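As structure tokens, the structure follows; a few thoughts come after it.
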Amino acid sequence: PTFGDETTIINSSTFDDSVESKKESNKGSNFVLENIRSSSTASTSRRNQEKVKGEVGPKHKSGSIPKYLKARQQQWKDEAQAIIDNTPDPDCPPGHVRLPEEDRVVQLQEMNENHQKLLEDWNRLPVSSDTRRVRERRAEIENSLADLEDQIRIYSRPKVFVKQN
């Protein structure tokens, strides 16, 4: 052998003896048949395990969400809504509170009704007679209409803020 060569020289008689001894010990076994049998039993046991894993209890309906998950989802929605409700409005000036939408709409309707009544009163005033009483009443109605129109303009906005008590 040369330097670095890791081959070993085996005496041919020793080699023939070892091969024959292996053949004699393996004569009675068919390895191919044994491998086929072992693989088929292993695959059937795997299939049985997959069936057991894939089975669902008798109470579960396929395609439906369990009650505990529905309850948890509702709880998450409620928590998110509470966080949104409790965050202060960035448009709100200090010392003020946002007027609820229902109250704003109700007050706006009342103001519009009052506006209509004041216009009817103003139209009923006589045009030709300019007495002191008529002039005072006309000025009073016009001032009330101006104030009411300002309030209607304010309450017509989507957000109305009122001072805290």
Side-chain angles (χ1 to χ4, degrees), residues 4 6 26 29-165:
E6 307 237 348
N26 294 334
S29 58
N30 185 350
F31 291 113
V32 174
L33 186 60
E34 287 180 21
N35 284 338
I36 291 171
R37 287 182 186 153
S38 67
S39 69
S40 66
T41 58
S43 67
T44 57
S45 66
R46 284 188 199 132
R47 287 183 202 137
N48 291 338
Q49 288 175 352
E50 289 173 3
K51 286 182 183 177
V52 170
K53 288 180 185 177
E55 289 180 7
V56 180
K59 293 182 180 179
H60 181 71
K61 294 180 183 175
S62 180
S64 64
I65 300 173
K67 288 181 183 178
Y68 75 96
L69 284 179
K70 287 181 181 178
R72 186 67 177 144
Q73 288 172 343
Q74 185 62 38
Q75 181 183 0
W76 289 335
K77 285 181 186 177
D78 294 342
E79 289 173 358
Q81 188 62 37
I83 289 172
I84 290 171
D85 291 343
N86 291 334
T87 56
D89 194 346
D91 298 334
C92 183
H96 289 73
V97 178
R98 183 175 178 183
L99 188 67
E101 184 68 19
E102 300 84 28
D103 294 344
R104 183 188 71 83
V105 170
V106 167
Q107 290 183 4
L108 185 61
Q109 288 174 349
E110 290 175 1
M111 287 181 209
N112 284 329
E113 290 172 5
N114 285 341
H115 188 265
Q116 288 297 325
K117 288 179 185 176
L118 285 174
L119 281 177
E120 288 173 5
D121 289 345
W122 188 71
N123 287 333
R124 280 193 215 123
L125 291 175
V127 178
S128 60
S129 66
D130 252 352
T131 62
R132 184 171 156 234
R133 182 176 174 273
V134 171
R135 279 182 291 186
E136 288 175 359
R137 179 72 181 142
R138 183 176 291 131
E140 179 184 322
I141 291 175
E142 288 174 354
N143 288 337
S144 297
L145 279 172
D147 291 341
L148 198 55
E149 287 171 356
D150 288 340
Q151 289 179 355
I152 289 174
R153 191 175 320 111
I154 291 171
Y155 278 81
S156 295
R157 296 178 185 159
K159 293 180 184 179
V160 177
F161 299 103
V162 293
K163 286 186 178 181
Q164 286 181 335
N165 292 336

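Everything quoted here is computed from the prediction, not taken from an experiment.
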Task: Criterion side-chain contact (heavy atoms from CB on, under 4.5 Å) on Q81 and K77, from CA distance to verdict - done: CA-CA 6 Å; Q81 188 62 37; K77 285 181 186 177; over 6 Å; no

Open item on the list: Could you measure the distance from the CD atom of E79 to the CD atom of Q74? Nearest 0.5 Å is fine.
Closed with: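 The CD atom of E79 sits 10.5 Å away from the CD atom of Q74.
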
Task: E140 CD to L145 CG distance, which is reported to the nearest 0.5 Å - done: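 One finds 11.0 Å between CD of E140 and CG of L145.
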
Heavy-atom closest pair, residues [X] and [Y]:
X    : Y    : result
K70  : I65  : CE-O, 3.4 Å
I141 : L125 : CD1-CD1, 4.1 Å
I152 : L108 : O-CD1, 3.9 Å
V134 : S129 : CG1-O, 3.9 Å

Open item on the list: So, applying side-chain contact (heavy atoms from CB on, under 4.5 Å) with Y155, which one of V105, V106, V160, D150 is it?
Closed with: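 Between Y155 and the candidates, side-chain contact (heavy atoms from CB on, under 4.5 Å) is satisfied uniquely by V160.
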
- [ ] Answer yes or no: is there an ion pair linking E120 with R124, defined by an N-O contact shorter than 4.0 Å?
- [x]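 Salt bridge: yes.
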
TODO: Any chance you could lay out the side-chain contact (heavy atoms from CB on, under 4.5 Å) test for H115 and L119, step after step, and finish with the verdict?
DONE: CA-CA 6 Å; H115 188 265; L119 281 177; 3.4 Å; yes

- [ ] Starting from the C-alpha separation in whole Å, work towards a yes-or-no answer on salt bridge (charged side-chain N to carboxylate O under 4.0 Å, His left out) for E136 and R133.
- [x] CA-CA 5 Å; E136 288 175 359; R133 182 176 174 273; over 6 Å; no

Open item on the list: Using the rule given for salt bridge (charged side-chain N to carboxylate O under 4.0 Å, His left out), can you reason through E113 versus K117, listing the C-alpha separation, both sets of side-chain angles and the distance that settles it, and then say yes or no?
Closed with: CA-CA 6 Å; E113 290 172 5; K117 288 179 185 176; 5.7 Å; no

TODO: Using salt bridge (charged side-chain N to carboxylate O under 4.0 Å, His left out) as the criterion, point out the one residue from R157, K159, R98 that pairs with D91.
DONE: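 Only one option passes, and that is K159.
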
Task: Intermediate values then yes/no, side chain to side chain donor-acceptor pair (under 3.5 Å), D147 and Q151 - done: CA-CA 6 Å; D147 291 341; Q151 289 179 355; over 6 Å; no

- [ ] Would you confirm whether R138, through its side chain, and P126, through its main-chain N or O, come within 3.5 Å as a donor-acceptor pair?
- [x]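 Yes, R138 side chain to P126 backbone: donor-acceptor pair under 3.5 Å.
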
Open item on the list: Would you say D103 and Q107 are linked by a side-chain donor-acceptor pair, where the criterion is simply a distance under 3.5 Å?
Closed with: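 Judged by distance alone, the side chains do not pair up.
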
Open item on the list: For the residue pair E34 / N30, report whether a side-chain donor-acceptor contact shorter than 3.5 Å exists.
Closed with: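 There is no such pair between these side chains.
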
TODO: Apply side-chain contact (heavy atoms from CB on, under 4.5 Å) to N112 and Q116, showing your working.
DONE: CA-CA 6 Å; N112 284 329; Q116 288 297 325; 5.8 Å; no

